[in-house]
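Everything below concerns the one structure shown next.
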Amino acid sequence: MKQALATLLVPVLLLCALGAAFGAPAPARAASGNRIDLAAGPGSAEEGGTFKATVRGTQATDLYALQYTLEYDETELQLVGIAYKNGYAQSAAHEAKSGHLVRNTYALLNNTITGAVKASLDIAEMTFQALKPGSAAITLEGLLAYDSSSGNMDTINENTRAQATITIVARQTPETPTPTPTSTPTPAVTPTPTPNVSPTPIVSATPSVKPSATPSVSPTPTDSPTPSVSPMPVAVTPVVSADGTAVGAISRQAYDEARQHATKDAKGNTVVSFRLDEAPGAKAYAPQLPTSVFASGSSKEKVQIETPMGSLSLPGDMFKKNDLAGAANVAVSIALVDADDVTDPKLKNKIGDRPVVELNVSADGEAVKWNNPKAPVTVSVRYTPTAAEMNDPDFGTDFIAIWYIDGKGKSVKVPNARYDAETGAIVFTTTHFSKYAVAYEHATFGDLGDTPWAQAAVEALASKGAMEGTAEGMFRPAANITRADFVGALVLALGLSAEEDANFADIPADRPYAAEIGIAKQLGVSQGIGDNRFAPDSELSRQDMMVLTARAMRLAGMLDAAGDTADLAGFFDRGDVADYAVESIAALVRGGVIEGEGDGVLNPLGPVTRAAAAAAVYRTAGAR
């Protein structure tokens, strides 16, 4: 069956004309002078693997948005996801015709048009999965555009039709040495850790005012270190024990040999990789490692384990001093469990037939109740979005979520979860083990009509629990955000964690976002306003938003640039920037993360609307 994806894209900051870049050039020129290119690359992909297609515009003269249709055979290719490089996804229409699915999406960087500029810019990056060997075609046609003056949709090259072809090669079986497992202990299952649940955030009362201009925050810093190319993980053949757990034993010698081929991730951490092969009849997979692997307690070394049910990234400081006392081996298990065990009927409905996994730790066969806020584990659960999710007109993969289910059946959203189209998995971090369910939830609000540029951000963050609206189903996008609400959303969306310690003096333990504000204090994201005070209900200024964002990005390994006053030379209001904010704002400017409000204005003392804050957090979280 042919699948058609019609996309209405992007009033962009640089006003670029759009096209789809897939490889061999096949340019078309619009009547207005805007150039639309179609190219194919890479020219081949492995069966089951993924490749990227980029929407790109060149030589823009006056363009506000663009609609085009991409058509492909869904028996040959599957659209896994779309990442918007300089804008947002937002629904315009959803229509089915003759077995084709037509999907219109609206994307936006800024809610103002500043003038015509000739430029080239990547707008959207689509990830496709190659389904079967052969030749697969992607077709671009039906170009329509808005111009910035009339705001009307006019036809440009409506009859343009260009095709790109991808060669899909059969999957190759890697020739990888298989170490012999040394033992087959049975890790204990189903420990019930004590949940470390943050208070449910609520929206602070904030007077409704005219929204400030949308901050131009880009999610792609330029100075992050480039991770090395990962080699094939060392394969381990697991042995299925009596309870159905496939135990993959990794000896100290095998670990040390694998470490010689370790890579560096984007944060400079050493990553030692293993893969547990599929074992028929396995109900769970449990990589087993010598406890000496974790003896150094180094946060700079990680063990990456791939299993048929999901992947785990275990930091070297994962375990506290007494967690593994006297034990020779430690096993971390991942199991698929029955969703019927979920007792919350509302959550069960959101889960449907999506996977539920259970994570456990055992040391020499004895259960360990693992909980360490200082050393989060990254979990990837393999999941292929349903047709309904992929065809949601609001770009449904933003609403694929993870829920944590504690030992008593209580469920809580995991706000840092995100779907990774490239790996075909939903990724999240956790500091405690239990059950985690993949679910789907699309939160909507009734008052976002005047802020379409923020709708995707608001709905995505609310769906995952990083931000909330009012009991009446409203978000109040034009109201100025408070310091507490912004810090809470930033910490939750990025998955920042720390050991609990003394909070600011004006943050009682029972107030919304108390835990998140305490984490921000412990990690140095927020230093308060002086005298150990945070002023949670005060309105957030733009310069404080930028300072908090820069510090959080540094912690997450997303910003390495160091800035100084010279980086602010292009802004005539640079003198309004407080001394404590200069370095952070300058680093964001140097790193290409922010460009101000346009016309050489930073407006550091201005307030930040809830809509603008949502946009900033959404873009920052999406850059991980």
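Just so you know, residue 1 is the first one in the sequence shown, and it goes up from there.
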request  = Would you please say whether a donor-acceptor pair under 3.5 Å links the side chains of Asn532 and Lys521?
outcome  = yes
- Query: Just by distance, do the side chain of Lys435 and the backbone of Asp406 share a donor-acceptor pair under 3.5 Å?
  - Reply: no
**Asked** Counting only heavy atoms not in Lys283, do more than 12 fall under 6.0 Å of its NZ?
**Response** no
Closest non-hydrogen contact found for Pro508 with Ala514 is O-CB, 3.4 Å
Side chain proximity check, Leu276 to Glu306, heavy atoms < 4.5 angstrom: no
Here the pair of heavy atoms bringing Tyr285 nearest to Ala279 is OH-N, 2.9 Å
Determine whether Arg590 and Asp564 satisfy the following criterion, salt bridge (charged side-chain N to carboxylate O under 4.0 Å, His left out), listing intermediate values before the conclusion.
CA-CA 9 Å; Arg590 178 174 294 187; Asp564 55 39; 3.7 Å; yes
message = Test your reading of the model: is there a side-chain donor-acceptor pair from Asn322 to the backbone of Ala325, 3.5 Å cut-off?
response = no
field: Residues Arg554 and Glu583 bridged, charged N to O under 4.0 Å
entry: yes
Say whether, by atom type as modelled, one donor and one acceptor occur between the side chain of Asn329 and the main chain of Gln288 under 3.5 angstrom. no
The reported gap from OG1 in Thr307 to CD1 in Ile334 (rounded to nearest 0.5 angstrom) is 5.0 Å
Between Gly407 and Ser434 the two heavy atoms that sit nearest each other are N-OG, 4.2 Å
ask   = Does any N or O in the side chain of Asp364 come within less than 3.5 Å of the main-chain N or O of Ala328, such that one atom is a donor and the other an acceptor?
value = yes
Parallel, tilted or perpendicular, judged at 30° and 60°: which one describes the rings of Tyr404 and Tyr436?
tilted
Exercise for review: Count the heavy atoms of every other residue, nucleotide or ligand shown that sit under 6.0 Å from CD of Glu499, and state whether that count exceeds 12.
Suggested key: yes
Q) For residues Arg354 and Tyr383, is any side-chain donor paired with an opposing acceptor at under 3.5 Å? A) yes
So CD of Glu257 and CD1 of Ile250: to nearest 0.5 Å the spacing works out to 12.5 Å
Please determine, by modelled atom types, if Lys264 and Thr270 share a side-chain donor-acceptor pair under 3.5 angstrom.
-> yes
* Asked: Any chance the side chains of Tyr618 and Asp398 put a donor and an acceptor closer than 3.5 Å?
  -> yes
Quick one: does Arg551's side chain get under 4.5 Å of Gln527's, heavy atoms only? yes
- Arg252 and Ser292: side chain donor to acceptor below 3.5 Å: yes
OH of Tyr440 to OG1 of Thr386, rounded to nearest 0.5 Å, is 7.5 Å
Using atom types as modelled and distance alone, determine if a side-chain donor or acceptor of Glu459 lies under 3.5 Å from a backbone N or O of Ala456. no
Here the gap from Leu324 atom CG to Glu366 atom CD, rounded to the nearest 0.5 Å, amounts to 13.0 Å
Between Thr50 and Ala421 the two heavy atoms that sit nearest each other are CG2-O, 4.3 Å
Review point. Side-chain contact, heavy-atom cut-off 4.5 Å: Val169 with Glu47?
Key: no
Taking atom types as modelled and ignoring hydrogens, do the side chains of Tyr580 and Asp544 form a donor-acceptor contact shorter than 3.5 angstrom? yes
On a heavy-atom basis, the closest approach of Val491 and Glu516 is CG2-O, 3.7 Å
Look at the side chain of Asn372 and the backbone N and O of Lys374, then say whether any donor-acceptor pair between them is shorter than 3.5 Å. yes
Step-by-step side chain to side chain contact (heavy atoms under 4.5 Å, CB included) determination, Val272 to Lys302: CA-CA 6 Å; Val272 186; Lys302 298 183 183 298; over 6 Å; no
- Query: Are any of the side-chain heavy atoms of Val332 and Leu312 separated by less than 4.5 Å?
  - Reply: yes
(Q) Looking at Pro373, is its backbone amide N or carbonyl O close enough to the side chain of Ser497 to form a donor-acceptor pair, meaning the two atoms are under 3.5 Å apart? (A) yes
Notebook entry, point to check: Looking at Glu441 and Lys350, does any basic side-chain N land under 4.0 Å from a carboxylate oxygen?
Noted result: yes
- Is Leu359 close to Val379 at the side-chain level, that is, under 4.5 Å between some pair of heavy atoms? yes
With a 4.5 Å heavy-atom cut-off, do Asp344 and Trp403 have their side chains touching? no
### Query
Is there a donor-acceptor pair under 3.5 Å between the side chain of Asn416 and the backbone N or O of Thr429?
yes
| Okay, side chain of Lys410, backbone of Ile405: is any donor-acceptor separation there less than 3.5 Å? | no
Check: Just wondering, do Thr482 and Tyr513 contact through their side chains at under 4.5 Å, heavy atoms?
Finding: no
Taken to the nearest 0.5 Å, the spacing of His442 NE2 from Ile400 CD1 works out to 12.5 Å
Lys320, NZ: over 12 other non-hydrogen atoms inside 6.0 angstrom
yes
Output for pair (Ile305 CD1, Ser313 OG), nearest 0.5 Å, gives 9.5 Å
Assess whether a salt bridge exists between Arg275 and Asp277, defined as any Lys/Arg side-chain N lying under 4.0 Å from an Asp/Glu carboxylate O.
yes
Are the side chain of Asp506 and the backbone N or O of Phe534 linked by a donor-acceptor pair below 3.5 Å?
yes
| query | Is there side-chain contact between Ser526 and Ile517, with heavy atoms separated by less than 4.5 Å? | reply | no
Pair Val356-Asp338, side chain to side chain contact (heavy atoms under 4.5 Å, CB included): steps then yes or no: CA-CA 7 Å; Val356 180; Asp338 196 334; over 6 Å; no
For Ala286 and Ser333 the tightest heavy-atom approach is CB-CB, 3.8 Å
Go through the steps for Met318 and Val361 under the test side chain to side chain contact (heavy atoms under 4.5 Å, CB included), then give the verdict.
CA-CA 11 Å; Met318 172 180 176; Val361 177; 4.2 Å; yes
| task | Under the side chain to side chain contact (heavy atoms under 4.5 Å, CB included) rule, what do Ile481 and Leu540 come out as? Steps first, then yes or no, please. | result | CA-CA 6 Å; Ile481 196 165; Leu540 181 74; 4.0 Å; yes
